[in-house]
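As structure tokens, the structure follows; a few thoughts come after it.
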Amino acid sequence: MAKRVYQVWKGSNYFFIGGRLIFGPDAKSLLISLLLIIVPVTVFCVFVARHLRHEFSSYNAGYAILAVAIIFTIHVLVLLLLTSARDPGIVPRNSHPPEEEFRHDFSTSVEGGRQTPSLQFPRTKEVIVNGMPVRVKYCDTCMLYRPPRCSHCSICNNCVERFDHHCPWVGQCIGLRNYRFFFCFVSSAMLLCIYVFAICALYIKVLMNDNQGTVWKAMKESPASVILMAYCFISLWFVGGLTGFHLYLISTNQTTYENFRYKSENRINVYDLGCVNNFMEVFCTQVKPSRNNFRAFVQEEEPRPPLRTTREAEVEMGEDQRVKVEDDLDFGGDLLKISQRHNIEDIEADIRSRGSDVHHHNSSAADSVLGSDRRAPNVQADIRNSSWGRRSGSWEIASEVVGMKSNVTESRSHVVPKDPYQ
């Protein structure tokens with residue numbers, strides 16, 4: 001039975017509901033975050049908001065305090081789920097390196113000083129972003145060149161587009177597809193803390209007015225309010241500071257990863273489009289669809305031929321040179337045969353012009369010439385053996401061949417001597 005993509009996924013993610021939900025490897029920490037939200041709100045509703053239902057008689061405004069707390073908590077939990085249970089922008093990994101990026105580097109080896117081809121793979125390359133060159137790196141794990149602002153998360157073992165950071169509180173990477181929800185979750189959690197803190201302070205004020213006592217007596221009557229105020233005060237330092245930091249990052253179009261890594265290098269931020277446009281890019285653009293279909297069936301790829309090693313490339317190059325040399329030698333032998341054939345035709349024409357009285361001598365001369373033509377393969381073999389040192393592609397007839405050709409021509413010119421008796 002064919003398996004689905006999420007069943008053979010090479011990352012460290014966890015999948016639920018048949019691949020519809022994807023979490024990071026530290027998804028258990030998400031339970032802690034849920035408890036940190038649900039437990040305080042439950043205590044608030046039971047020990048604080050419930051006692052304020054009848055404090056505001058007009059239009060039963062006291063019930064609104066309880067309703068707002070419940071609805072706002074559900075809103076925060078939904079944002080947390082959208083942040084931690086969706087694809088953050090994972091770049092699909094390749095099953096093999098991009099072969100078009102390989103190049104043969106002919107470098108001189110130490111032994112013999114000869115050139116041997118070797119496979120070289122560029123570790124970085126430049127792409128243009130907003131008219132500026134940006135260097136991108138090659139990921140050995142995913143076997144691809146990372147897109148700009150992409151980084152490989154060592155926890156999830158995935159390359160994530162516009163990688164911001166890996167958040168242990170949500171158990172997921174924060175990237176291109178969930179950064180908006182992450183910021184909304186953090187800012188909403190900050191507002192929820194402010195709301196609970198303010199209502200608890202209001203309840204203590206109500207207790208002081210009803211009992212006409214001091215603040216200490218009111219705090220003793222509602223210890224839950226004191227605990228919630230302390231809890232919200234501490235949480236505000238965390239979620240409030242995080243919200244302010246990410247407001248700064250959004251206004252300058254940076255990521256947490258870029259801010260911590262490149263701040264000391266004073267690099268030019270090529271992604272900054274202006275404060276307003278930066279906020280529009282984060283909150284007013286459509287979320288890109290996932291590049292992974294985790295529920296799709298795995299398609300078997302055809303086996304690819306292995307890449308040639310350095311030795312194989314060298315052997316192939318040597319065979320090409322040998323074939324080229326043999327072609328050149330055959331071409332040289334053909335030239336020799338053509339020249340001999342032209343000399344034989346000249347001699348036959350001379351025989352016909354002299355008449356039948358020298359037929360016997362001419363026949364012997366032609367036989368001698370034909371015999372020399374039969375010996376041409378031996379000459380060709382000698383020429384071939386003496387031409388191995390020449391470069392292929394620039395054939396020149398050897399000097400001994402030229403000399404042999406002139407000797408053959410001279411000998412043929414004296415084949416038919418004049419008859420002294422004529």
Side-chain angles (χ1 to χ4, degrees), residues 23-24 26-85 165-172 174 181-248 256:
F23 295 89
D26 50 351
K28 294 180 180 179
S29 61
L30 182 62
L31 299 176
I32 301 176
S33 300
L34 292 174
L35 291 176
L36 292 176
I37 296 172
I38 295 175
V39 172
V41 173
T42 303
V43 173
F44 171 77
C45 293
V46 173
F47 296 98
V48 177
R50 183 172 63 88
H51 297 293
L52 294 174
R53 289 177 298 170
H54 307 291
E55 292 296 330
F56 306 95
S57 58
S58 58
Y59 303 104
N60 293 323
Y63 287 95
I65 296 176
L66 185 61
V68 169
I70 296 175
I71 294 174
F72 206 75
T73 302
I74 295 175
H75 170 72
V76 172
L77 295 177
V78 170
L79 290 174
L80 176 59
L81 184 65
L82 290 174
T83 303
S84 60
H165 69 288
H166 183 92
C167 182
W169 297 103
V170 301
Q172 183 62 281
I174 307 302
F181 303 105
F182 170 77
F183 177 80
C184 293
F185 162 70
V186 173
S187 57
S188 298
M190 179 192 67
L191 296 177
L192 181 61
C193 289
I194 294 175
Y195 177 78
V196 172
F197 184 89
I199 298 300
C200 289
L202 176 64
Y203 182 55
I204 291 178
K205 177 64 175 176
V206 170
L207 292 176
M208 288 175 59
N209 295 334
D210 292 343
N211 300 328
Q212 296 181 356
T214 62
V215 64
W216 297 107
K217 290 182 179 180
M219 292 173 63
K220 287 180 180 180
E221 290 187 17
S222 180
S225 299
V226 178
I227 296 174
L228 288 174
M229 290 176 65
Y231 175 79
C232 292
F233 180 79
I234 296 173
S235 299
L236 276 174
W237 284 98
F238 176 72
V239 293
L242 200 58
T243 301
F245 176 67
H246 280 279
L247 283 174
Y248 162 74
T256 304

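Values below: every heavy atom of this structure, side chains too, minus hydrogens, waters and symmetry copies.
Residues Phe23 and Ser84 share a closest heavy-atom pair of CD2-O, 3.3 Å. Nearest approach of Val170 to Leu30, heavy atoms of both residues: O-CD1, 4.0 Å. Met190 and Gly240 get closest at one heavy-atom pair: SD-CA, 3.7 Å. Residues Asp26 and Gln172 approach most closely at OD1-N, 4.3 Å, considering heavy atoms. Of all heavy-atom pairs spanning Ser188 and His75, the tightest one is OG-NE2, 3.4 Å. Scanning all heavy atoms of the two residues, the minimum distance from Ala218 to Leu207 falls at O-CD1, 3.7 Å.
Between Phe245 and Tyr248, the ring planes are tilted. Angles from 30° to 60° get that label.
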* To do: Run the numbers on Phe183 and Thr243 for side-chain contact (heavy atoms from CB on, under 4.5 Å), then give the verdict.
  => CA-CA 7 Å; Phe183 177 80; Thr243 301; 4.2 Å; yes

* **Worked verdict on Trp169 versus Ser29 for side-chain contact (heavy atoms from CB on, under 4.5 Å)** => CA-CA 6 Å; Trp169 297 103; Ser29 61; over 6 Å; no

* Taking it one step at a time, do Ile65 and Val48 satisfy side-chain contact (heavy atoms from CB on, under 4.5 Å)? -> CA-CA 10 Å; Ile65 296 176; Val48 177; over 6 Å; no

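Contact check for Tyr203 versus Ser222: side-chain heavy atoms found under the 4.5 Å cut-off. Residues Val196 and Pro40 are not in side-chain contact: their nearest non-hydrogen atoms beyond the backbone lie 4.5 Å or more apart. Between Leu191 and Phe72, the closest side-chain pair of non-hydrogen atoms falls below 4.5 Å. A heavy-atom distance below 4.5 Å is not found between the side chains of Leu81 and Phe181. Cys200 places none of its side-chain heavy atoms less than 4.5 Å from the side chain of Ile204. Looking at heavy atoms from C-beta onward, Val76 lies out of side-chain contact with Val41 at the 4.5 angstrom threshold.
For the atom pair CZ of Arg50 and CG of Leu66, the computed distance is 10.0 Å after rounding to the nearest 0.5 Å. Atom-to-atom distance recorded for Ile199:CD1 and Lys205:NZ is 15.0 Å, nearest 0.5 angstrom. Once rounded to the nearest 0.5 Å, the distance linking CH2 of Trp216 with CD of Glu221 reads 15.0 Å. Residue Thr73 holds its OG1 atom at 4.5 Å from CG of Leu192, rounded to the nearest 0.5 Å. In this structure, the separation between CZ on Phe233 and SG on Cys193 is 12.0 Å, given to the nearest 0.5 Å. A distance of 12.5 Å separates CD1 of Ile37 from CD1 of Ile32, quoted to the nearest 0.5 Å.
No donor-acceptor pair under 3.5 Å is formed between the side chain of Thr256 and the backbone N or O of His165.
With Phe182 as the fixed residue, the side chain to side chain contact (heavy atoms under 4.5 Å, CB included) test singles out one of Leu80, Leu79, Leu242: Leu242.
Residues meeting the side chain to side chain contact (heavy atoms under 4.5 Å, CB included) test with Val68, sequence neighbours left out: Tyr195.
The neighbour count for Phe238 CZ, taken as heavy atoms of other residues, nucleotides or ligands under 6.0 Å away, is above 12.
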